[in-house]
Enquirer: 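This is the structure I want to talk about, given as C-alpha cells.
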Amino acid sequence: MKLFTLSARKLVVLTACVMCSGLASAHGVDDHSGDPAYARYYHQAVNWGGCPPSLFTDGSTIQCALVTVPVDWADPSQGDITIGISRPLDAPSHSRLLLVNAGGPDNSSASQAEMLEQLQPQVEVDHLVVGVDLRGITDGLGTQVSCDYAQRSGAENFMDGDSRNPTVESVRAQQNWWNRSIGPCLQQHATFLKSITTPNHARDLNLVRAVLGFPRADLFGVSSGSSLMAYATRMFPDRFERVVLDSNMNWLHLDWQRQALSRMSMDQLNVQQAFIPFIARHDDQFHMGTTPPQVMTTFQRIYQATSQHRMGSVTPDQALGSLDGTGMWVFWDLLVSPSLSAMSQALDGDPAHIANAEQMAAMTFADLRSQSSFNPMPDVLQCNDSGSTDSRSTAQKIADVRTYWAIGASTVVDKCQHWPWQPALDRRLESRTSVQALMVQNEFDPSTPYSEALKDRLANGPAARMVLVNNATTHGAMFDDNACTTNAEFAYLNSGVMPVRDVVCQAKPMHSFAMQDAVTYEYGYPAMGWWLPPPPNIHQVSWLLVP
C-alpha cells in the first residue's frame with residue numbers, strides 16, 4: 001500500500017490554516033470596524049430626542065435616536081437605512097452597556113427596555129440600558145416598507161372569518177393569495193428586504209455598541225430576541241460578554257417554521273390545561289362558567305355564534321384571537337378578559353352587548369379581510385434566515401388546525417414557498433460555536449416552548465446555565481417579580497456570577513393585575529433543586545371546536 005506523505009512546507013501551511021481557523025472561531029467574524037469603507041458608520045454622532053408611544057409603554061421615561069447602518073453589510077455602496085435605539089431619560093451612573101431586544105420579532109425594543117427598567121430597576125445598577133430595534137419593524141423607529149395585499153378571490157379559508165375550518169381548496173387559495181402578495185413586494189423592495197436577516201441584525205447590534213463608545217456590551221434578549229442575541233455572541237464573542245436569554249427559541253439550530261410548529265401544540269396545551277381553568281376560577285371577570293367544562297361550553301357557543309354571524313361583525317378568528325393573548329399575563333386584564341367577557345354577554349342577542357363585543361373584537365384581533373397593506377418584515381426575516389422547512393402535507397396541516405385550534409391556523413400558509421434567496425444563517429457557525437449565556441425559562445411557556453429551550457441547554461453543555469421557573473405558565477420571565485429568578489439574573493448581569501449549576505425556581509400562583517390565584521396550577525412533571533424535568537406531555541390535548 002502506498003503511503004501518503006506531506007512535505008514539510010505543506011505541513012507548515014496546513015498547520016497555519018488550522019491555527020487561523022481556531023483564531024477566527026475564538027474572535028468571531030470581521031465587523032469591518034477597521035475598514036475605511038465603513039468608517040462613517042462607526043464614527044457617526046447620535047442625536048437623542050423623544051420616543052413615540054408603543055405597545056407596552058408611553059415613552060415618557062426614555063429618549064430615542066436613529067442609527068444609520070448599511071442596508072447591505074457586505075457592500076456599503078448599496079445605500080443606508082436607519083434603526084431605532086433608546087436609553088433612559090435620566091440614566092444613572094454606569095460603566096457597562098446592556099443592549100436589549102424585545103423579540104416579536106416586530107416589537108419595539110425601546111418599549112421593552114423602558115418596561116424592563118420599570119419592572120426590574122436593578123437592571124440599571126452599573127448598566128446603561130439601551131433598546132435596539134431590528135431593521136424594518138413596524139412598532140418602532142427606523143426605515144420601514146409597506147406592501148399591498150393581492151386581490152382576494154373569496155376562496156381563501158379566512159374569507160369567512162374562520163381560519164380554523166379550512167378545506168384543501170381554501171388552503172390552496174390562501175397560499176396562492178400570499179404568493180401573489182409577497183412576490184411583487186420582494187421585487188419592489190428587493191435590496192432592503194434581502195438585508196433583513198439575523199446576521200445583519202447582529203452586525204447592527206455590534207455597531208450600536210461601538211457608536212455608543214463601549215468596547216464590549218452585555219445582552220438581554222426576550223423571546224425571538226433570544227435567537228438574535230445567541231447568534232450575535234456566536235459572531236462577536238469578544239464584543240459581547242454577559243448574555244441573558246429570556247424565553248428561549250431553539251437558537252441551537254434556528255429554524256423559524258419548526259419553531260412555529262412546536263409552539264402550536266404547546267400553546268394549545270397551555271390554553272386547555274392552564275388558562276381555561278384560570279378563567280373558571282375568575283368567573284367574576286370572564287363570565288364564562290365556574291368549571292373548565294362550563295368555560296369550554298361557553299366558548300363553543302361563542303365560536304358557533306360567530307360562525308353563524310349571530311354576533312354582529314365578530315368573526316370566529318376574532319373570538320379565537322382573544323386566546324392568542326393568553327400567553328402573557330399583562331394582556332389578561334387589558335384585552336383577554338374584556339373581550340371574552342363581552343362575547344359571552346353578547347350570546348343573549350342584546351344589540352348593546354353585541355356592539356360592545358364588536359368593539360372589543362376589533363381592538364383584540366385585526367380582521368385580515370379588511371387589511372389592504374402589510375409590513376413584510378417579520379415574514380421576510382424568517383424566510384431569509386432559514387427558508388421553507390415545513391414538510392407537512394395539506395391534509396396534515398388541516399388536521400393540525402383542527403387539533404391545535406388556538407393558533408394552528410397560523411401555520412397553514414408557507415410564507416417562504418418559492419423564496420428567491422438562500423437561507424442566510426451560517427450553519428457551520430452554529431455547529432462550531434457555543435453560546436455563553438444564562439437562560440431564563442418558564443416551564444409552560446406557550447410561545448417559546450421549554451422543550452426547545454431544553455435542547456439548547458443540553459446541547460450547549462457547560463457554556464450555558466438555565467433558570468427554570470417550575471409551573472410558570474406565561475411567556476416572558478421578565479414580566480414577573482420572582483425573587484429566585486431575578487437574584488440569579490442580576491448576580492450574573494451585575495457581578496458576572498454564573499450559577500454553578502442549573503436553578504429551578506418555583507412560580508407564584510397564576511395572576512394578573514386584577515386576578516390573583518391562591519394555589520399554583522401544575523400539569524407537568526415535578527421539579528426542584530437543580531434538576532431540569534422533562535418537557536410537558538403535549539399529547540394531553542383533546543378538546544375540539546365544532547363550527
Side-chain angles (χ1 to χ4, degrees), residues 46 48 51 56-65 85-103 108-133 205-206 208-223 225-226 228-230 232-233 236-248 330 435-442 464-469 476-500 502-503 505 508:
V46 179
W48 297 98
C51 296
F56 292 112
T57 56
D58 60 9
S60 62
T61 66
I62 54 176
Q63 294 177 304
C64 287
I85 63 174
S86 72
R87 70 177 183 184
L89 190 60
D90 298 307
S93 60
H94 53 267
S95 62
R96 303 182 70 90
L97 173 67
L98 180 68
L99 301 178
V100 177
N101 180 262
S108 165
S109 292
S111 171
Q112 192 86 314
E114 185 175 24
M115 194 170 190
L116 180 63
E117 294 152 20
Q118 294 170 356
L119 292 176
Q120 298 181 0
Q122 60 269 51
V123 76
E124 293 188 274
V125 173
D126 205 30
H127 277 102
L128 174 65
V129 180
V130 173
V132 182
D133 284 343
L205 200 70
N206 180 61
V208 170
R209 171 205 56 77
V211 167
L212 294 178
F214 287 84
R216 295 174 183 81
D218 299 332
L219 303 177
F220 190 102
V222 184
S223 190
S226 68
L228 166 63
M229 298 313 197
T233 194
F236 305 110
D238 57 341
R239 298 299 188 184
F240 300 129
E241 294 186 318
R242 303 170 189 172
V243 181
V244 174
L245 307 178
D246 183 334
S247 305
N248 291 259
V330 292
V435 175
Q436 304 281 337
L438 179 66
M439 304 171 63
V440 184
Q441 186 72 30
N442 286 339
R465 293 289 184 272
M466 178 180 285
V467 179
L468 176 70
V469 188
M478 65 160 282
F479 295 109
D480 253 340
D481 182 22
N482 186 314
C484 174
T485 308
T486 55
N487 286 344
E489 277 184 299
F490 292 107
Y492 174 56
L493 270 182
N494 296 336
S495 303
V497 179
M498 178 75 82
V500 295
D502 297 318
V503 177
C505 299
K508 297 178 180 179

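Along the sequence shown, the residues carry numbers beginning at 1.
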Enquirer: Output yes when a side-chain donor or acceptor of Q441 lies under 3.5 Å from a complementary backbone atom of N248, and no otherwise.
Expert: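 It does hold such a pair.
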Enquirer: Quick check: does any side chain N or O of D246 sit under 3.5 Å from a backbone N or O of A477, one acting as donor and the other as acceptor?
Expert: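 It does hold such a pair.
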Enquirer: Taking D126's backbone N and O only, do any of them form a donor-acceptor pair with R96's side chain (distance below 3.5 Å, no angle check)?
Expert: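 Flag not set: sc R96 to bb D126 has no pair under 3.5 Å.
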Enquirer: Treating Y492 as the side-chain partner and N487 as the backbone partner, does any N or O pair qualify as donor plus acceptor under 3.5 Å?
Expert: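 Between the backbone of N487 and the side chain of Y492 there is no qualifying donor-acceptor contact (under 3.5 Å).
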Enquirer: When you measure from the side chain of E124 to the backbone N and O of P92, does any donor-acceptor pair fall under 3.5 Å?
Expert: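 A pair under 3.5 Å: no.
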Enquirer: Does D480 pair with K508 as a salt bridge, N-O distance under 4.0 Å?
Expert: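 Salt bridge: no.
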Enquirer: Using only atom types and a distance under 3.5 Å, with no angle test, would you say the side chain of T486 pairs donor to acceptor with the backbone of N482?
Expert: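 Side chain of T486 to backbone of N482, a donor-acceptor pair under 3.5 Å: yes, one is there.
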Enquirer: Checking S109 side chain against A102 main chain: does a donor-acceptor pair fall under 3.5 Å?
Expert: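 Such a contact is found between S109 side chain and A102 backbone.
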Enquirer: Evaluate the criterion side-chain contact (heavy atoms from CB on, under 4.5 Å) for residue pair C505 and L468; output intermediate values, then yes/no.
Expert: CA-CA 6 Å; C505 299; L468 176 70; over 6 Å; no
Enquirer: Say whether, by atom type as modelled, one donor and one acceptor occur between the side chain of S247 and the main chain of G476 under 3.5 angstrom.
Expert: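 Yes; judged by distance alone, with no hydrogens or angles, the pair exists.
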Enquirer: Is the side chain of S108 donor-acceptor paired with the backbone N or O of S111 at a distance under 3.5 Å, no angle test?
Expert: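 Yes, the answer is positive, given that a donor and an acceptor are paired below the 3.5 Å cut-off.
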Enquirer: Are any side-chain N or O atoms of R465 and backbone N or O atoms of P499, one a donor and one an acceptor, separated by less than 3.5 Å?
Expert: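 Pair found, side chain donor or acceptor close to backbone of P499.
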